[in-house]
Each structure stands twice: as C-alpha cells, then as structure tokens.
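The structure appears below as structure tokens.
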Amino acid sequence: MTLTVAIETPLAPDLDLLFARHVEAMHSDTPPESIHMLPREDLAVPGIDFLVLRDGQGTAVAMGAIKRIDANHGELKSMHVLAERRGEGLSRAMLSALVEQARARGFRRLSLETGVQPSFQAARALYAGWGFTECGPFEGYGPDPNSLFMTLAL
C-alpha cells in the first residue's frame, strides 16, 4: 500500500470527514471539561505542524499535529485514523511521521494527553509500544481524572 504523509492545512475541505469523526470520538465518552482537543482553526497557526496521511488514491485517512511548547518540547495533538481503516498499520505510520517531524524540529521531548476511558485503550497501547511513558501534567494541563499524560525522550 502506498502512503504519503505531508504537512498540510487543517482547513482543507477534504479533511472534513477526519475532523467530524475526531470530534465525535472525543465527545462520545469524555466529559466536556476533559476534552483537550484543539478546534480545527487553532491547528492552523504558527508553531503547529499539521500532518495528513493519504492512501494511494490520495484519500486522507489519518491526521495528527505537533504543537511547539518550547524549543525542546513538543506536544502531539489531534491524532486520528478513520475507524474503517484501522488495522492497516496507519496509526503506526502516522505516529512514526509525527515523531520524525518532532525530531526534525529539534525537540528533545514529545508529550501527549489521552483519555483513560476504554475507548482510548488502543491509543494508549500504541503510545506505550512506541516508548511513551506516563508522566504528570505538562504545559497548560492540570490534574484530570479522565486524562493520562505520556512523554517520550527523543
């Protein structure tokens, strides 16, 4: 399967399905006060690299972003793979591209916030398998019983 990953604008109309599914997933079992995703428009600002993974037909099948916290630290944001395309290794491909982008930006650490609910179990396993370890809340976050914080030394 041919895949391409590139930095794109999150405002492109052909990303509507990815964003709709991401918003739906985040709201499905997470209390509103514990949803930490950025609005789509807020991903289209300096300091955020927004990546899109496309299949061989050019269809956007996954997305994710790296938000600059400081010169050495980035945050993984809005990673999502279309549900009907899961099981094809796209999550690993997207995460690999995001980690490489963080390294290319010179970050020494990449952190993330994810949910503790069962619906996030696969994501937590993916991150742990990649070497992310649990940590405390970082830049801009406080303790949240619905959040798990993870970090990876690059």
Side-chain angles (χ1 to χ4, degrees), residues 1-12 14-15 18-19 21-23 25-27 30 33-55 58-83 85-86 88-117 119-154:
M1 169 173 41
T2 303
L3 299 172
T4 59
V5 180
I7 294 176
E8 298 187 22
T9 176
L11 304 177
D14 74 334
L15 301 178
L18 268 171
F19 275 101
R21 296 274 186 85
H22 183 56
V23 169
M26 295 303 100
H27 287 272
T30 304
E33 67 275 9
S34 295
I35 297 174
H36 301 289
M37 69 179 181
L38 291 174
R40 187 175 184 175
E41 298 76 25
D42 290 356
L43 293 167
V45 299
I48 295 182
D49 291 341
F50 182 80
L51 282 72
V52 177
L53 181 111
R54 294 180 180 275
D55 66 13
T59 302
V61 295
M63 66 180 186
I66 301 290
K67 177 184 174 187
R68 183 179 197 262
I69 293 174
D70 63 36
N72 297 309
H73 190 189
E75 179 184 3
L76 187 121
K77 298 293 290 182
S78 298
M79 187 167 145
H80 189 83
V81 175
L82 291 176
R85 300 299 298 269
R86 292 180 185 158
E88 299 178 29
L90 301 177
S91 295
R92 284 186 291 280
M94 187 77 251
L95 184 55
S96 177
L98 289 162
V99 169
E100 287 308 309
Q101 184 65 25
R103 285 187 176 122
R105 288 284 181 218
F107 297 144
R108 293 189 204 141
R109 186 168 84 152
L110 183 61
S111 299
L112 63 90
E113 177 276 335
T114 191
V116 298
Q117 299 87 338
S119 61
F120 291 93
Q121 194 277 329
R124 292 189 307 268
L126 172 70
Y127 301 136
W130 207 265
F132 283 83
T133 58
E134 290 186 33
C135 65
F138 54 92
E139 180 73 26
Y141 292 99
D144 184 331
N146 296 297
S147 290
L148 176 72
F149 301 96
M150 303 179 85
T151 195
L152 175 69
L154 302 174

- Where do D70 and R109 land on the salt bridge (Lys or Arg N to Asp or Glu O under 4.0 Å) test, with the steps shown first? CA-CA 10 Å; D70 63 36; R109 186 168 84 152; over 6 Å; no
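F132 places none of its side-chain heavy atoms less than 4.5 Å from the side chain of L126. Side-chain atoms of F138 and I69, non-hydrogen and from C-beta on, do get closer than 4.5 Å to each other. Between R54 and D14, some side-chain heavy-atom pair lies under the 4.5 Å cut-off.
If you check the side chains of T30 and N146, you find no donor sitting under 3.5 Å from an acceptor.
The shortest heavy-atom contact between D144 and E33 is OD2-O, 4.1 Å. Here the closest heavy-atom approach between residue F107 and residue A71 is recorded as CD2-O, 3.6 Å. Between A60 and L18 the shortest heavy-atom distance is CB-CD1, 3.8 Å. Heavy atoms only, all atoms of each residue included: A102 and L154 are closest at CB-CD1, 3.8 Å. Closest approach of V99 to L110, counting heavy atoms only: CG2-CD2, 4.0 Å. When all heavy atoms are compared, the tightest approach of I48 to D42 is CD1-O, 3.3 Å.
A donor-acceptor distance shorter than 3.5 angstrom exists from the side chain of R86 to the backbone of V81, with no hydrogens or angles considered. Counting only distance, with no hydrogens or angles, the side chain of R103 and the backbone of L98 share no donor-acceptor pair below 3.5 Å. Formation of a donor-acceptor pair under 3.5 Å by the R40 side chain with backbone atoms of P10 is found in this model. Side-chain atoms of R124 come within 3.5 Å of backbone atoms of G115 as a donor-acceptor pair (strictly under, hydrogens ignored). A distance-only check finds no donor-acceptor pair linking the side chain of T59 to the backbone of V61 [under 3.5 Å].
Results of the side chain to side chain donor-acceptor pair (under 3.5 Å) test with Y141 over E75, E113, H36 single out E75 as the only residue that passes.
With respect to D49 and K67, no salt bridge is recorded, no charged nitrogen being found less than 4.0 Å from a carboxylate O.
Once rounded to the nearest 0.5 Å, the distance linking CG of L51 with CD of E8 reads 8.5 Å. To the nearest 0.5 Å, atom CG of residue L15 and atom OG1 of residue T9 are 8.0 Å apart.
With ring centers used as reference points, H80 lies 6.0 Å or more from F19.
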